[in-house]
Every structure is written in structure tokens, then in C-alpha cells.
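None of the values given here were measured: they were computed from a predicted structure.
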Amino acid sequence: MTAVFRVGLVRLVSRATQSPNLLQAQANALPAAFQQRCSISGKTMRGGPRVPKAAPYPYKTKKYSVVNAFFDKTSKRFDENSKVICVEGPIAGGKSKFAKELAEELDMQYYPDVNLDLIYINSYGYDMRKVDPQLPPNCRSYDVRNFCQDPSHNLAAQFQIRMYMLRYSQYIDALQHIFSTGQGVVLERSPYSDFVFMEAMFRQGYLSRGARSVYNELRQNTIGELLKPHLVIYLDQPVEAVKRQIKARNVDYEVQSKVFSDAYLNDVEQLYKQQYLKDISTHAELLIYDWTAGGETEVVVEDIERIDFDQFEADSHNKKMLDWRFPLEAEWCEARIKYCHEKPDLMNYFNVPRFDVPELLRTADESKVWRDVWYNAPGMKYRPGFNSEMGDGGLLTKTKIGINEAI
């Protein structure tokens, strides 16, 4: 109901501030006026850094609501590089290095792959895994290290669901950034590809059928709220090369893990190629490279610059880039409000209880112990900025909480 009211009010405000002649002109020239145009360009082609069309909006410290939309429009900041790029590939495939270099060359914001530190290390730098000895086994931490060491643990299902939640949250942050600044984003993996790892875990017996059902239900409830990427880059490597890369980077819990077997890695490769890449290519442009021996970022940039993102605008029935076709300025502002102001509401879609999967449940006694321990740890008793024992001051004069405090 809130969203319906917001959409109506934004459009009403937009119409109230525009003359009838301008509205008619928009109706007659929608494709050219407000849709993203042109091809992505790198620094070499531009001859220097990207010049923004308008000053970035301080979305991290200032909310963007219907009232703000009255004064600050959205599409004025967009240019040819206002795109979402996702870098995908197998484990230890060189994605981080490549994604950083790509973001630098395209003058985009880089978002690294998520990990459970985002949950277990609080705002004051305290690692919540330190309280594990005080917690029941079912309430203790479980991250990628634990998964590599004991993939059949009951908490493996919760681990993968949390990974999806974190990727979903990060993707919303990326959309906040692009809508508020006009700067494109490069993400290492995304919520769209997360199911690959869930399904591989299920095939190897690390997840129960019930846990898989919960994951798919949550994904179905949430993924449709996002805007799909414009471009997906897949760095391909055969399984044998992946195993060599895992051994070469010499992370102890990866090298010694039984998870990265031929069967698991083959499942990941198969799911990527036969499901994810096939599905995402109906919306996004797709570039695939043999990255067995690495590659040159400059070559990829040249290929990106050759992509004509306008070619799909001529056919209104073409599904490619469909998410990003906003014919009215009011619709750009509606989308911006959704991701910049309503992130807590989007994250609430994960709060759908399921009581038929034992590994995702805690008893009442376990929950009480967890709450008593967790919220009495350093920096956890109050909201960030309101913990005097951690050095926060001026508590009597603080009246606001943080912007978009959801995960």
C-alpha cells in the first residue's frame, strides 16, 4: 500500500511541476528523452576520467523520498557509463583483480564479493565469532571457512541463505549508488548467480530438500524487486585449472577442504553455463572469456566499448534491458526512492517463517541464550553511535538513526 501511494504521489508531483506542452513532448519522444543511451566508454577512449553531468547526491547520509524527488531529478546524472556490470566465474578464477581493474578503467564503483564478516564484525570492529563459546552449537557462527571444513553441518543451509541475503543487500546498495550519482558499478558476483552455489551444495548432499525449498521461496519473493544487470562477464576456466588456482593461492581451509571435489566444481560449472548464463543472456549482454591463463583487461574493455546498448530500444518487445526502460522522469524517481529510501522494506521480504526445516530452526531456549549473549557483546547493546562504552558521545543531542540500516 505504501508503494502504491508513493508511486501515485511521485507522478502527481512530477506532473504538477511540468507544463502541459512539456508533458506532451515527453509522450511524443519517450525513447530518446529518458532511456539510457550509447555505448560504455573507458578512460582511454574518453581521454580522461568521466565528467559527471550533475553533482552526486549524498545518498549515504541523506534520505531520498517523495519530497526530495520534487527538487532532485534522477536521469540528469545518467550517461553512457551508468550501467550495472557483473563479473562471474568459478572459484579462485581471478575475478577480484579483473573486476577492480575493469572498474578503474571504466571509472565505475567496484563492489567486491560479499562474505560473512559483514554480519559477524560489528560497526565497532568487534568480531562476534568471539562469543561462540557462550552460545549453543546451533547458534554459533558458520562462515566460508566452516563450510570448507564441515560442509555437511546443519548450519550450511543458513550459511547459503545468508550469502544470498548479503548479495541481495549489496546489489541494492549498488542500485542506490548508480541512481544517486550516475556512476556505473562493477560487482563481483550477484544475487542472480547465487543459486548456482546453492544448487551445487544440494546436489552434493550438503543441503536438504527442505532447505533448498526455503531458499527458492525466498529468492522468488525477492529477486523480482531488483533491476537486472546490463552486462555479465564470465571468466571461464576448466575444473583442472580451478583446482590448480585453489592450490596456488594456498588458503589453508580451501586447500585442505573436501568441498572442492571434481563433482562439486563440475556442478558449479554446469549450473553456470547451462542455467545462469542462458537465463541472464535474455536480458543482459554477455561476454565470455577463456581465463585459464588469465587475460588482458584492456582487451575486455575494447569489447565492451563495441557493444551497442541502443540496439534493443527499437523493438519495444525485446526483453533485453527491459528493466531499465523508464519512459518518464517520474519513473526514474520512483525506482530511486524504492532503492534509496525503502531498502528496509525490501529486506523484510526475507522474513517469511518456515517451520518445516529443522536445520533452520532454533528452540526458544537457544534463542534466548543467543539474544542475551549477542546483544550484550561490545557495541551491540544499542544502535551504532549510541554505545557510550565504545566511546560514542553526544547521546543527549542525537535524534536520528542511520540511513538504510538494514543489512
[X]/[Y] ion pair, N-O < 4.0 Å:
X      : Y      : value
Arg219 : Asp194 : no
Asp356 : Arg354 : yes
Lys247 : Glu254 : no
Glu88  : Lys95  : no
Asp117 : Arg129 : yes
Asp303 : Arg306 : yes
Asp72  : Arg77  : yes

Pair [X]-[Y], side-chain donor/acceptor within less than 3.5 Å:
X      : Y      : result
Asn387 : Tyr124 : yes
Gln183 : His177 : yes
Arg203 : Gln270 : yes

[X] vs [Y] aromatic rings, parallel, tilted or perpendicular, using cut-offs 30° and 60°?
X      : Y      : result
Tyr206 : Tyr264 : tilted
Tyr168 : Phe350 : perpendicular
His153 : Tyr142 : tilted

Flag yes if more than 12 heavy atoms outside [X] fall under 6.0 Å of its [atom1] atom; otherwise flag no.
X      : atom1 : answer
Glu296 : CD    : no
Lys273 : NZ    : yes
Tyr382 : OH    : no
Gln220 : CD    : no

Quick check on the 6.0 Å ring-centre criterion: do [X] and [Y] meet it?
X      : Y      : value
Tyr289 : Tyr234 : no
Tyr59  : Tyr64  : no
Tyr171 : Tyr192 : yes

- line: When rounded to the nearest 0.5 Å, the distance separating CZ of Phe179 from OH of Tyr57 is 15.0 Å
- request: I would like to know whether Gln237 and Thr292 meet side-chain hydrogen bond (donor to acceptor under 3.5 Å, both in side chains); could you show each step before the answer?
  value: CA-CA 5 Å; Gln237 290 189 32; Thr292 304; 5.6 Å; no
message: Is there a salt bridge (charged side-chain N to carboxylate O under 4.0 Å, His left out) between Glu188 and Lys100? Walk through the geometry before answering.
response: CA-CA 9 Å; Glu188 187 181 340; Lys100 288 177 185 177; over 6 Å; no
query: Hey, mind stepping through Lys338 and Glu334 against salt bridge (charged side-chain N to carboxylate O under 4.0 Å, His left out) and telling me if it holds?
result: CA-CA 6 Å; Lys338 177 179 179 178; Glu334 289 165 15; over 6 Å; no
- prompt: Cation over ring, Lys381 on Tyr375, under 6.0 Å and within 45°?
  reply: no
